Protein chains: 2
Amino acid sequence: MSNPISHGANMLGQNRDDVRQHNLSALLRMIHQAGTLSRSQLTASSGLNRSTISDLVTELQELGLVFETEASAAGVGRPSLQVSASDQVVAFSVNTDVDAVTVGVVTLAGEVIAKRREPTNQPTAEKAAAIAAKVIASLRAELKPGTRIVGIGVAVPGQVRVADGVIRLAPHLGWVEVPFGPMLSQLTGLPVFCDNDASLGCVAEIIYGNAKGFSDVVFLFAGSGGIGGGVVINGLQLRGTAGYAGELGHVRIASSKEKDYSGLEGTLESLVRRNDFLETFKLFAATDEELLLEISRSNNAKAQKLIENQTDSLAAALGTFVNIFNPQVIILGGFITGLFAKEQQRLLAGLKYNSLAAANERVLIRESGLGSNMLMIGAAELPFNELITRPSTTALVSAKVKAPKA
Amino acid sequence: MSNPISHGANMLGQNRDDVRQHNLSALLRMIHQAGTLSRSQLTASSGLNRSTISDLVTELQELGLVFETEASAAGVGRPSLQVSASDQVVAFSVNTDVDAVTVGVVTLAGEVIAKRREPTNQPTAEKAAAIAAKVIASLRAELKPGTRIVGIGVAVPGQVRVADGVIRLAPHLGWVEVPFGPMLSQLTGLPVFCDNDASLGCVAEIIYGNAKGFSDVVFLFAGSGGIGGGVVINGLQLRGTAGYAGELGHVRIASSKEKDYSGLEGTLESLVRRNDFLETFKLFAATDEELLLEISRSNNAKAQKLIENQTDSLAAALGTFVNIFNPQVIILGGFITGLFAKEQQRLLAGLKYNSLAAANERVLIRESGLGSNMLMIGAAELPFNELITRPSTTALVSAKVKAPKA
DNA sequence: CCAGTATGTTGTCACAGGCAACAAAACCCT
DNA sequence: AGGGTTTTGTTGCCTGTGACAACATACTGG
């Protein structure tokens, strides 16, 4: 089944150069997502001719984006050359959270080769940018010679205007209308791309995690900062007009007057709350692991009641998402995986109860599969995506060149 | 800002033929949506060379899909040839509803040149297909000689598996798991494409109606058969894995135990109900026009209370949609346009109250602009889209050849 | 060691769109 | 009215990309 309207970019005509770019891009994307692929696999899944693949791979190699290795012979016929994404091409990831700024280095092959967590306390945007820039400079100095940098991807818990990297509102951080992207770019001299954290988590899960290979995915992450959502439809990230789409935590599901962190009533985020568990378990603070453990072995009536109530609320929201998106898989992250683990039957029954049979009959519910690297990988996809979209024209920055001072 | 992941079809390589197809397709789509465009306009908005446009237009002309006329000179310089979509190329539209089967003939230029409404009462799928086939045969006989038929598009009030034209559930019609598409195809000998009615309404509004030119649109239609929704994101129709996405009427917004026509609790459809108005106004049955009139001039307290309650429910749902989709425009159709007209301030305030500022600050609310032809136009887009996607390989059927008997 | 199979390489070819030069058809100004 | 200006259509040539076929290469298996 083909698709419909087709506006915007698709409206444009295409010339020969576009074809070359498209094919280079398609190959690089496959290699990036798989890490390593043989030339024959590339030939098969691209539909292009062997000779064309040869030519394109050579060009990618000359661009320093991939390298070839002899095959570890394993079948009939001449063994095919293995094409791998270069680990000399890296992106920085930044995650600004309430309690820390985390910076990572991710290779084009999708591997997190360094990660540094710098604790802080509800930093201002200026402070967070300064911390990030300092850690990036330090990590940059440690990169192997010859390494080239694509850029910086930033995952922010809040509403991000993707086009220019302005954080419209990050309630927990207290950021309102701050141009974090430009700030960090000025401090580092590198291109910076920002997006919502949960949206990036969704992307990461699709490329390397438990939603691998799926094209229609709903992602829900519940942390100390509320509930964030990410959606991918038909292989495309849902961003909306300005990048504020996918705020699944702020979906209204009940008539309750409870308000969420953004001040909206009766929303998923207002009803499924990490703090309720902390109170019930009399924990002042807890890591997700500790909280999940508590949930799994809780046995008093009060805790059970809380678990059931929150499970029901979660089920109602998931039902709504299924009706709206008809996804193949829903990925859960954060403490709500505890609800899924403990009350799976109840959750699935509730989901069925709150959604249309046709839409829910094949949907899978899974836990997030990437753990603490998820946001690093997801954020790195932002600069990598720029590179992959335009492999031969995107400029890379040498690791060893000093960043210009602002 | 470029987009993200890119799966599926985009993964494939591209060869020269694909370029030609893409460009033919892009031109034909522009001409189809605009009706008539000059060659120079095509050159400008496609970015292709004059000589290329000339070549492509010639090919489309040879395919009989467009024709050229001399310009009505109106500026400096040599007047550009006008390229128009052929009115000799048509599609049939079918809308199966509870009280009637409506069949239309739509030209590639987007004009409804015939429409016939065949009253019936909750027909079975077999009966509806038979009625549709009969009317199509009769309309087909009246087509001008030389007219060619692309196929049939069907708009169904229910959940449609787009891939094979099976209606999974149409509650009001009482259809469950019926292969309406194949049935109608067998009776007519024409290719048949089915989709949900509201989704097609959304497409129609984007191409020819009040959402013209927008790429991120939410469409909500409230009729006697409940509330249907259609969503277009980034110029692409939201369909989900199997085509069941976009069921916006079944979004849960309240804790109420009221059930909607599909048995779900607390949903938009269960709270915003046409029948409540008919009861309050003591109408046994009414056209949308009559009902809208009643709403606009209602002045008793009970009716006002109902209007306000339903407006609040609608606002809550719209807030949820804004948080999820961050659309540029929301189009309302059916009797809820009455709520918008009468209680616009209340609706907008409620929408603001129930959504994030960043997402709602620029969203437009508009009424549907196509009236009774909306579904005819939208349904015809299904076969037209096939033609437009593959202009040089899609087979057209001559109007005058007898349809083969099953 | 040879047949069989799968893959990489090379040179040729077809074909799409770009480009430049020219022709054509309008407007504008004197 | 007529030449200058502007815009557009047409034509022929060129470039570059991927397809294709033929050949070379590298492995398995008997």
Side-chain angles (χ1 to χ4, degrees), chain A residues 11-28 31 36-63 66-84 390-393, chain B residues 11-28 31 36-63 66-84 390-393:
Chain A
M11 217 69 170
L12 287 170
Q14 235 177 18
N15 56 26
R16 277 192 329 283
D17 295 348
D18 297 331
V19 176
R20 187 71 171 186
Q21 281 298 317
H22 173 96
N23 286 341
L24 280 173
S25 174
L27 289 195
L28 185 55
I31 295 163
T36 298
L37 281 171
S38 71
R39 278 208 198 176
S40 52
Q41 285 173 304
L42 290 172
T43 305
S45 51
S46 72
L48 296 170
N49 196 280
R50 278 211 302 269
S51 54
T52 307
I53 294 293
S54 174
D55 196 30
L56 291 167
V57 169
T58 303
E59 181 162 348
L60 289 176
Q61 217 167 352
E62 282 164 0
L63 289 167
V66 306
F67 63 95
E68 286 187 308
T69 48
E70 300 268 316
S72 51
V76 193
R78 176 174 178 173
S80 192
L81 293 172
Q82 300 295 113
V83 187
S84 307
R390 283 174 287 279
S392 60
T393 53
Chain B
M11 217 70 171
L12 286 170
Q14 233 177 19
N15 56 26
R16 276 190 329 283
D17 295 348
D18 296 331
V19 176
R20 187 70 171 186
Q21 281 298 316
H22 173 96
N23 286 342
L24 279 174
S25 175
L27 289 196
L28 185 55
I31 295 163
T36 297
L37 283 171
S38 71
R39 278 208 200 176
S40 52
Q41 286 172 303
L42 290 172
T43 304
S45 52
S46 72
L48 296 170
N49 195 280
R50 278 211 302 270
S51 53
T52 308
I53 294 292
S54 174
D55 197 31
L56 291 167
V57 169
T58 304
E59 182 163 347
L60 288 176
Q61 218 167 354
E62 281 164 1
L63 289 168
V66 306
F67 64 94
E68 286 186 307
T69 48
E70 301 267 318
S72 51
V76 193
R78 177 174 175 173
S80 193
L81 293 173
Q82 300 295 113
V83 187
S84 307
R390 283 174 287 277
S392 61
T393 54

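In what follows, every chain begins at residue 1, and chains take the letters A, B, ... in the order their sequences are listed. This is a predicted model, so every value here is computed, not measured.
- A heavy atom closer than 4.0 Å to some atom of DNA chain D occurs in no member of residues 56-63 of chain B.
- Nucleotide dA19(D) holds its P atom 9 Å from the CG atom of Asp18(B), rounded to whole Å.
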Residues Val19(B), Asp18(A); criterion side-chain contact (heavy atoms from CB on, under 4.5 Å); working and verdict: CA-CA 9 Å; Val19(B) 176; Asp18(A) 297 331; over 6 Å; no
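- For Leu27(B) and dA16(C), the CG to P distance is 14 Å, given to the nearest whole Å.
- Side-chain atoms of Ser40(A) do not come within 3.5 Å of backbone N or O of Ser80(A) as any donor-acceptor pair.
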Enumerate the protein-to-nucleotides 3-7 of chain C contacts in which both atoms are nitrogen or oxygen and the separation is below 3.5 Å.
{"unit_1": "dA6(C)", "atom_1": "N3", "unit_2": "Arg78(A)", "atom_2": "N", "d": "3.2"}
{"unit_1": "dT7(C)", "atom_1": "OP1", "unit_2": "Ser40(A)", "atom_2": "OG", "d": "3.3"}
{"unit_1": "dT7(C)", "atom_1": "O4'", "unit_2": "Arg78(A)", "atom_2": "O", "d": "3.3"}
{"unit_1": "dT7(C)", "atom_1": "O3'", "unit_2": "Ser80(A)", "atom_2": "OG", "d": "3.2"}
{"unit_1": "dT7(C)", "atom_1": "O2", "unit_2": "Arg78(A)", "atom_2": "NH1", "d": "3.4"}

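- Counting to the nearest Å, the P atom of dG17(C) and the CG atom of Leu42(B) are 14 Å from each other.
- Under 4.0 angstrom from either OP1 or OP2 of dA19(D) there lies no side-chain N or O belonging to Ser51(A).
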What's the verdict on side-chain contact (heavy atoms from CB on, under 4.5 Å) for Leu24(B) and Arg390(B), showing C-alpha distance, side-chain angles and the deciding distance? CA-CA 8 Å; Leu24(B) 279 174; Arg390(B) 283 174 287 277; over 6 Å; no
Can you check side-chain contact (heavy atoms from CB on, under 4.5 Å) on Ser46(B) and Leu27(B), steps first, answer last? CA-CA 8 Å; Ser46(B) 72; Leu27(B) 289 196; 4.3 Å; yes
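- For Asn49(B) and Asn49(A), each mapped to the nucleotide of DNA chain D holding its nearest heavy atom, the one lying further toward the 5' end belongs to Asn49(B).
- For residues 41-52 of chain A, no pair satisfies salt bridge (charged side-chain N to carboxylate O under 4.0 Å, His left out), with sequence neighbours left out.
- When the side-chain nitrogen and oxygen atoms of Thr52(A) are compared with OP1 and OP2 of dA19(D), one or more of them lie within a distance under 4.0 Å.
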For Asp55(A) and Arg20(A), what are the C-alpha separation, side-chain angles and deciding distance, and is it a side-chain contact (heavy atoms from CB on, under 4.5 Å)? CA-CA 11 Å; Asp55(A) 196 30; Arg20(A) 187 71 171 186; 3.1 Å; yes
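- Rounded to whole Å, atom P of dG17(C) lies 18 Å from atom CD of Gln21(A).
- The CG atom of Asp55(A) sits 11 Å away from the P atom of dA19(D) (whole-angstrom rounding).
- For the pair Asn23(A) and dG18(D), the criterion of a side-chain N or O lying under 4.0 Å from OP1 or OP2 is met.
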